[in-house]
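When a ligand or atom number is given, it counts from 1 through the structure's own listing order. Note: hydrogens, waters and symmetry copies are ignored here, and every other heavy atom, side chains too, is used. The structure displayed is predicted, hence computed values, not measured ones.
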Amino acid sequence: MCGIVGYIGSRRVIPVLLQGLKSLEYRGYDSAGVAWPEKGELKRVRAKGKLSILEDALEEFRATATTVGIGHTRWATHGEPTRENAHPHTDCSGSIVVVHNGIIENYASLKRELEAQGHRFSSDTDTEVLAHLVEKYLDGDLPEAVRRALQDAEGSFALAVLWAREPDMLVAARKQSPLVLGVGEGEAFIASDIPALLPFTRDVIFLEDDEMAILDRSAIHLMKITDGTRVNRESERVTWDAAMAEKAGYKHFMLKEIYEQPQAILNTFRGRIEPETGEISLPEAGLTPETAKKLTRIVLLACGTSWHAGLTAKYWIESWARIPVEVELASEFRYRDLLIDDSILTIPISQSGETADTLAGLRLAKELGSRIIAICNVLGSTITREAHGTVYTHAGPEIGVASTKAFTSQLTALYILALLLSSFRETLEHETIKQKIAGLIKIPETILYHIETWHDTSKKLASRFYEATDFLYLGRHLNFPIALEGALKLKEISYIHAEGYAAGEMKHGPIALIDRTLPVVATIPRDHVYEKMISNVEEVKSRRGIIIALGEEGDENLSQLTENLIELPRLPDPDLNPFIYTIPLQLIAYEIALARGCDVDQPRNLAKSVTVE
Ligand code: M6R
């Protein structure tokens, strides 16, 4: 949902801004722009389309000696993705310039007032009102003018402001949109998230809601937007490094992240489970046997792929810990008449920790007295700061818009949490917990051993089916959410219409879709619903549907059903199947998108982190 960067220091500004924008491009990529001061004047270059177009337009300015500037990569909310609507936006004088991520909800009324006062607008964006508001209040003191402007603005913002007549200062502010400041030697940075800062510094300050920052070459000062009171906060050192946010020889971030799953799963369980003793250590969740026993219900709250992780975990938690679990789409949950109280544990699940709907749902549940334990990947993100506790997934930066390693590491964290609850509630034998831990520990090496084979088969299947216009994904029990996830992966990166369905529901409608052109992807491990799945797939076959089956090595029933087969190993415990069945589905989606010439890492109309409603 837009990425913003800012820099002040001693380096030439254009390469710094471009590097930052490159790592933020996954947040939005319909247009981009930068601005910097030069000899008291403001320079601004903007371009419609991907960042590479802006990069070309900036070629002649690369060597500018200026060492301060701001930049933006856009995911349009107000105003079409045109050059005129690309950020940065300026005031009437063309000397104040603003980049913004978020939505100014009262922009229409503010714009009318400002126009009546003589301000002239040149874009359709909500952001431009901020530049004119700052102009209206500017009386020599830029931070004060920004502070007053923000008091008029309703909605959400992360922003950076530069004034060409005071080029030794940047002003940043945030409310409900992410913003992080980087601290260097004689330099400071502004960015929407951590990966943009990693090539330059790992020392960061997370700006809180309703705070602003004044950055110069020697210091960063924080203050409250409401009354200007000073805020003291030390910087924190992040553990991610720059290499983690690079493609490392892979063609796409998505592919790299698919292949990183063994490591991401291992990083998520490392230090938290002990195979010898069956001990589980998650102090960050703040749970005790007493609190776990008193729970009456668990609410898992998420969007998109994270919601699918929640749907999967429901089976584990209900079966092992014997607590009812509701899995809520955050965008629906937040507008319901909620039955939540302090006997309910709410678990928001989010890779980014910034998803607006999940955050809003968290806040509602918290207000109603629920304890909140987040499952999150991004250190210091808003959801982690508002939850009572956070179980980090430690998957490392996920850059591809399609979520892959974040999903399997969320599954890992939820699996461990489910075991902890079972242990505290004494609903599983200790020996069973030990076995389930032992099973999880083997998952990374199982994936490592098989992933190349799955990939090869996925390439062959993609070459057969990449021209299909629709796909149906079927699964039962734990593989039902995995079917949903497989369908989501395919549709978001290949633009092929795909439905995920509970296989048993097929006869209630979707079976009408089946004909000789429809590929049906069925996940069929030998679990307790295996026979039922086989019957469902027979129903597809008898209607001449094309079957792509994922099942266990050596399963002759499957090889008789179809030649489009991906074989997976038999795991010691079917509860572990989601960890491996997910991966070939990611690879099939990736290879089909590639065969169709789609932009895998930056699919159209999407953004990595959805910080608006
Ligand atoms: O950062 P979050 O996990 O909260 O994001 C939730 C969804 O926006 C995200 O999973 C989305 O569905 C992905 N593009 C799916 O690949």
Side-chain angles (χ1 to χ4, degrees), residues 1 3 26-29 75 176-178 192-195 252-255 257-258 261 264 268 300-313 327-334 346-362 374-384 386-387 390-393 395-411 413-414 473 481-482 484-495 498 500 582-583 585-590 593 598-613:
M1 298 288 115
Y26 70 86
R27 300 178 63 88
Y29 31 83
W75 185 85
Q176 292 168 22
S177 289
S192 294
D193 70 18
I194 295 169
H252 294 99
F253 279 112
M254 182 180 175
L255 189 62
E257 289 157 5
I258 291 173
Q261 289 176 106
T268 304
L300 302 175
L301 188 63
C303 303
T305 287
S306 299
W307 183 65
H308 296 155
L311 289 175
T312 313
V327 190
E328 301 277 1
L329 283 167
S331 54
E332 289 294 319
F333 179 83
R334 61 183 294 190
T346 301
I347 306 182
I349 309 164
S350 174
Q351 186 286 131
S352 62
E354 301 293 348
T355 300
D357 287 322
T358 311
L359 181 59
L362 176 164
I375 306 281
C376 190
N377 192 37
V378 176
L379 178 85
S381 54
T382 310
I383 285 176
T384 68
E386 300 207 9
T390 298
V391 177
Y392 279 106
T393 47
E398 188 179 69
I399 312 288
V401 165
S403 194
T404 53
K405 65 174 177 172
F407 178 65
T408 41
S409 61
Q410 286 167 346
L411 291 183
L414 287 159
Y473 284 70
I482 301 310
L484 295 179
E485 175 58 9
L488 174 61
K489 285 294 86 87
L490 185 71
K491 70 185 129 189
E492 71 178 325
I493 60 169
S494 74
Y495 318 142
T582 302
I583 293 172
L585 297 183
Q586 297 167 344
L587 288 163
I588 291 173
Y590 173 79
C598 296
D599 189 339
V600 171
D601 281 337
Q602 295 173 348
R604 69 185 181 206
N605 305 337
L606 284 169
K608 180 71 181 163
S609 121
V610 185
T611 54
V612 294
E613 259 198 78

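Considering both main-chain and side-chain atoms, Ser350 comes within under 3.5 Å of ligand 1 through a nitrogen or oxygen pair. At a 3.5 angstrom cut-off on N or O pairs, Val401 counts as close to ligand 1.
Shortest contact from atom 6 (C) of ligand 1 to any protein heavy atom: Cys303 O, 3.4 Å. If you check which protein heavy atom lies closest to atom 8 (O) of ligand 1, you get Val610 CG2, 4.1 Å. The nearest heavy-atom contact from the protein to atom 11 (C) of ligand 1 is Thr305 N, 4.2 Å. Among all protein heavy atoms, the one lying closest to atom 16 (O) of ligand 1 is Glu492 OE2, 2.4 Å. Nearest protein neighbour of atom 5 (O) of ligand 1, counting heavy atoms only, is Thr355 OG1, 3.5 Å. In this structure, the protein non-hydrogen atom closest to atom 1 (O) of ligand 1 is Ser352 OG, 2.7 Å.
Against a heavy-atom cut-off of under 4.0 Å, Lys489 is close to the following atoms of ligand 1: 15 (C), 16 (O). Here is the list of ligand 1 atoms found below 4.0 Å of a heavy atom in Ser306: 2 (P), 3 (O), 10 (O). Atoms of ligand 1 lying under 4.0 Å from at least one heavy atom of Ala402, given by number and element, are 16 (O).
Of the heavy atoms in Glu354, none comes closer than 4.0 Å to ligand 1.
Within the 4.5 Å cutoff, the side chain of Arg604 has no heavy atoms near those of the Asp599 side chain. Leu587 is listed as a side-chain neighbour of Ile258, based on a closest heavy-atom distance under 4.5 Å. Side-chain contact between Leu362 and Phe333: absent, with no pair of heavy atoms (C-beta onward) separated by less than 4.5 Å. In this structure the side chain of Cys303 reaches within 4.5 angstrom of the side chain of Thr358, judged on heavy atoms. Inter-residue side-chain proximity for Lys489 and Leu585 is flagged as unmet; no heavy-atom pair is nearer than 4.5 Å.
Considering every non-hydrogen atom in both Pro178 and Arg27, the closest pair reads CG-NH2, 3.5 Å. In terms of heavy atoms, Ala330 sits closest to Leu301 at CA-CD1, 3.8 Å.
In this structure Tyr590 satisfies the ring-ring contact (aromatic ring centres under 6.0 Å, His included) test together with His252, sequence neighbours excluded.
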